[in-house]
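Along the sequence shown, the residues carry numbers beginning at 1. Just so it is clear, the values below take in all heavy atoms, side chains as well, and ignore hydrogens, waters and symmetry mates.
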Amino acid sequence: MSHPPSTLEVSTAPARPGPIRAVVFDLDGVVVDSSAVMRAAFSVAYAEVVGPGPAPFEEYNKHMGRYFPDIMRLMGLPLEMEEPFVRESYRLAHQVPLFPGVRETLEELSERGIRMAVATGKSGPRARSLLDLLGVLHLFDHVIGSDEVPRPKPAPDIVLRALELLGMPPHQAMMVGDAITDLTSGRDAGVTTVATTWHGGDVEDLLAAAPDLVAHKPEELLAHCPAVPAT
């Protein structure tokens, strides 16, 4: 499915009023390209806990954005898979890159005075450790994991917590994600929702979820985030 690499594309749903002063990012598939490492970690965890045979990573991938224990429940897999999955994820973390253009976009948003947070399906410690390893943790005001809110995505709790910590009202914030769970969480929190497509793969279902905006490259987020006026 090809997309023009132009400016931020408006979907059929109207965008909420701005100006945008805060951006809440999902992590995997948006900020970091972690698919290969997650596949490897999932395969090891499956082999250790379940046994031989192909690990159903494609089904796991369909639930991306959710908290790992929730995915295990949805797939009917043992919760004991979490320990080896987390262990392998930490061991292979050095193989996870930022998506092209992400670092520059984060730096420019920071320069413009935009407040930023991460709201991820990962646990908070794992997310902060990975972002620190990549040298971008300091660009985020807050990094919130699914283990740090009462209800993980698709509930709005994690986005609402980000807004609370950032001190921002919903109408001045947007949620940037690559999964329907991100869009649902952001929409129910009352923020502008942005679907990203740079993670690759089939995004038809994501776009069918009617995000407020669609971005095909990280840099396109800048079009909706003008510099915050000096006070």
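- In this structure, H94 and V96 have side chains that are not in contact, with every pair of non-hydrogen atoms separated by 4.5 Å or more.
- A119 approaches V24 most closely through the heavy-atom pair CB-CG1, 3.6 Å.
- For the salt bridge (Lys or Arg N to Asp or Glu O under 4.0 Å) test, residues two or more places apart in sequence or in another chain that qualify with E48 are R87.
- Under the 4.5 Å side-chain heavy-atom criterion for ILVMFWY residues, a single connected hydrophobic cluster contains both L79 and V50.
- Here the side chains of F85 and Y90 are not in contact, with every heavy-atom distance at 4.5 Å or above.
- Between L213 and T192 the shortest heavy-atom distance is CD1-CG2, 3.9 Å.
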When the side chains of residues 133-145 are checked against the rest of the protein, which donor-acceptor pairs come out under 3.5 Å, sequence neighbours left out?
{"from": "D141", "atom 1": "OD1", "to": "R115", "atom 2": "NE", "distance (Å)": "3.2"}
{"from": "D141", "atom 1": "OD2", "to": "R115", "atom 2": "NE", "distance (Å)": "3.3"}
{"from": "D141", "atom 1": "OD2", "to": "M116", "atom 2": "N", "distance (Å)": "2.9"}
{"from": "H142", "atom 1": "NE2", "to": "L165", "atom 2": "O", "distance (Å)": "3.3"}

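- F42 has its side chain within reach of P56: a pair of non-hydrogen atoms, C-beta onward, lies under 4.5 Å apart.
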Please test V228 against I114 for side chain to side chain contact (heavy atoms under 4.5 Å, CB included), starting from the C-alpha separation and ending with a verdict.
-> CA-CA 7 Å; V228 176; I114 302 297; 4.0 Å; yes

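- When every heavy atom of A195 is checked against every heavy atom of L207, the shortest pair comes out as CB-CD2, 4.4 Å.
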Where do E82 and Y67 land on the side chain to side chain contact (heavy atoms under 4.5 Å, CB included) test, with the steps shown first?
-> CA-CA 10 Å; E82 184 177 21; Y67 191 30; 4.3 Å; yes

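- Listed by chain and number, the residues in a side-chain hydrogen bond (donor to acceptor under 3.5 Å, both in side chains) with E164 are R161 (sequence neighbours excluded).
- F25 places none of its side-chain heavy atoms less than 4.5 Å from the side chain of M175.
- Counting only heavy atoms from C-beta outward, the side chains of V49 and P84 approach each other to under 4.5 Å.
- D182 places a side-chain N or O within 3.5 Å of a backbone atom of A179 that can act as its donor or acceptor partner.
- Put simply, CG on L109 and CD1 on I20 are 11.0 Å apart, with the number rounded to the nearest 0.5 Å.
- Within the structure, the side chain to side chain donor-acceptor pair (under 3.5 Å) test picks out the following pairs touching residues 26-38 (sequence neighbours left out): D26-K153, D28-S34, D28-K122.
- Residues forming a salt bridge (Lys or Arg N to Asp or Glu O under 4.0 Å) with R21 (at least two apart in sequence, or on another chain): none.
- A distance-only check finds a donor-acceptor pair linking the side chain of T105 to the backbone of G101 [under 3.5 Å].
- Residues satisfying the salt bridge (Lys or Arg N to Asp or Glu O under 4.0 Å) test with E108, not counting sequence neighbours, are R112.
- You'll find the side chain of M64 stays beyond 4.5 Å of the side chain of T181, heavy atoms only.
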Full working for side-chain hydrogen bond (donor to acceptor under 3.5 Å, both in side chains) between T196 and D178 = CA-CA 5 Å; T196 64; D178 68 317; 5.3 Å; no

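- Here the CD1 atom belonging to I158 is positioned 6.5 Å from the OG1 atom belonging to T120, to the nearest 0.5 angstrom.
- Linking Ile, Leu, Val, Met, Phe, Trp and Tyr residues whenever their side-chain heavy atoms come within less than 4.5 Å leaves F57 and L92 in two separate clusters.
- We find that R91 and E88 are joined by a salt bridge, their nearest charged nitrogen and carboxylate oxygen being less than 4.0 Å apart.
- Under the 4.5 Å side-chain criterion, counting only non-hydrogen atoms from C-beta, R126 is in contact with S89.
- The aromatic rings of W198 and F99 lie perpendicular to each other, with more than 60° between the two planes, well past the 30° mark.
- Closest of all the heavy-atom pairs between P211 and T193 is CA-OG1, 3.5 Å.
- Residue R151 holds its CZ atom at 12.0 Å from CG of D70, rounded to the nearest 0.5 Å.
- For Y46 against P54, the heavy-atom pair with the smallest separation is CE2-O, 3.8 Å.
- Using a 4.5 Å heavy-atom cutoff, the side chains of L163 and P170 are in contact.
- Nearest heavy-atom pair, A189 versus V159, reported as atom, atom and distance to 0.1 Å: CB-CG1, 3.6 Å.
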